[in-house]
Amino acid sequence: MGRAALVVHGGAGAPNQEEHGERQAAVDRALAAGWPELERSGALHAVLAAVRWMEDEPILNAGIGACLNSEGEIELDAGVMEGAQLRAGAVGAVRDVRHPVDLARAIMDDGRHVLLVAGGASRFAREHGVETCDPSVFMTERQLRNFRREGVDTVGAVAADAEGRTAVAVSTGGYTFKLPGRVGDSPLVGAGFYADDAAGAVCGTGHGEGFMRLVLAHLAVVELKHGMGAQEVAKGAIDFLRRKVDGEGGVILVTKAGEVAAAHNTPFMAWASRTD
Ligand code: ASP
């Protein structure tokens with residue numbers, strides 16, 4: 001039906017060329033991890049595999065290597081959505097779930113709720129066989145050094161498969177020195193991510209409060225639905241982010257037909273794509 005495509009990003013907040021290069025290499029590895037899943041099992045499996053991979057890359061702000069909040073603790077957000085039935089699952093402010101994107105998927109599959117946070121999300125993980133861990137597992141020397149350095153980032157992936165199914169997954173530590181309990185756009189359907197087989201899938205990265213106020217991922221999918229071109233939608237979303245709320249960040253997107261696009265208004269955004 002369509003052309004299979006996978007797009008992966010590792011955040012739009014790299015502070016310099018050297019770190020950008022390291023992030024780009026990690027993103028390239030995630031693309032390689034997700035692609036076989038796209039061919040074998042479809043869009044949803046591909047985005048989950050790519051994001052799960054990036055949760056284990058210490059250079060990226062998700063899972064291991066996530067940034068610290070103002071208390072020196074790590075609180076993780078993640079989300080997933082598939083565009084066939086608009087099913088979604090998400091977690092906010094979890095501290096002890098080894099792969100937050102796995103928990104988001106379990107919540108989506110369970111189907112009763114879309115978003116669980118903090119202790120209730122951890123409890124759901126334990127009760128549904130999703131791996132938990134000691135929070136110290138996520139701490140890295142690099143993030144301890146960066147404790148007070150401003151940094152925002154997220155990892156995410158969007159995909160369309162040959163059957164025309166679309167999906168998006170996202171995972172993040174949010175940003176450095178955020179207040180405890182702060183939940184960003186990444187686990188909020190429509191703000192940080194959205195997928196609809198009628199149009200495509202979108203994933204954002206950047207200062208989450210701006211994405212939340214504009215409900216930007218959903219807006220971009222609606223524009224795709226109205227027939228705007230992929231690159232025009234990506235660039236338009238980021239221009240709108242700057243114009244309306246003086247926001248910084250980036251987006252990746254894929255259309256149901258497998259066209260890919262990305263845009264950012266930060267100096268760097270590590271991203272990679274592959275199409276059939
Ligand atoms: N959007 C994420 C948040 O605000 C951070 C990022 O993508 O850079 O939590």
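Whatever order the structure lists ligands and atoms in, that order sets their numbers, starting from 1. In this text the structure is predicted, and so the values were computed from the model without any measurement.
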- Message: As an exercise, identify every atom of ligand 1 less than 4.0 angstrom from a heavy atom of Thr154.
- Response: 1 (N), 2 (C), 5 (C), 6 (C), 7 (O), 8 (O)
- Below 3.5 angstrom, do we get any N/O pair linking Arg182 and ligand 1? yes
- Query: Parallel under 30°, tilted from 30 to 60°, perpendicular over 60°: which one fits the rings of His218 and Tyr194?
  - Reply: perpendicular
- Gly174 N/O to ligand 1 N/O under 3.5 Å: no
- Which of the atoms of ligand 1 are close to Ser186, meaning less than 4.0 Å from one of its heavy atoms? 1 (N), 2 (C)
- Quick one: does Val91's side chain get under 4.5 Å of Ile107's, heavy atoms only? yes
- Gly206 heavy atoms within 4.0 Å reach ligand 1 at atoms 1 (N), 2 (C), 3 (C), 4 (O), 5 (C), 6 (C), 7 (O), 8 (O)
- Query: Can you find an N/O atom of Asp185 closer than 3.5 Å to an N/O atom of ligand 1?
  - Reply: yes
- Within the structure, does His207 bring an N/O atom to less than 3.5 angstrom of an N/O atom in ligand 1? no
- According to the ring pair (Phe, Tyr, Trp, His ring centres under 6.0 Å) rule, which pairs have a member within residues 95-118, sequence neighbours left out? none
- Query: Does any N or O atom in Gly208 lie less than 3.5 angstrom from one in ligand 1, N or O only?
  - Reply: yes
- Hey, does the side chain of Asp96 reach the backbone of Thr132 with a donor-acceptor pair shorter than 3.5 angstrom? no
- Query: Taking only residues two or more places apart in sequence or in another chain, which ones pass salt bridge (Lys or Arg N to Asp or Glu O under 4.0 Å) with Asp246?
  - Reply: Arg242
- By number and element, which atoms of ligand 1 are closer than 4.0 Å to a non-hydrogen atom of Thr205? 6 (C), 7 (O), 8 (O)
- Item | Criterion side chain to side chain donor-acceptor pair (under 3.5 Å) against Thr172, the qualifying member of Thr154, Asp185, Thr205, Asp153 | Thr154
- With distance as the sole test, does Glu55 use its side chain to make a donor-acceptor pair with the main-chain N or O of Val101 at under 3.5 Å? yes
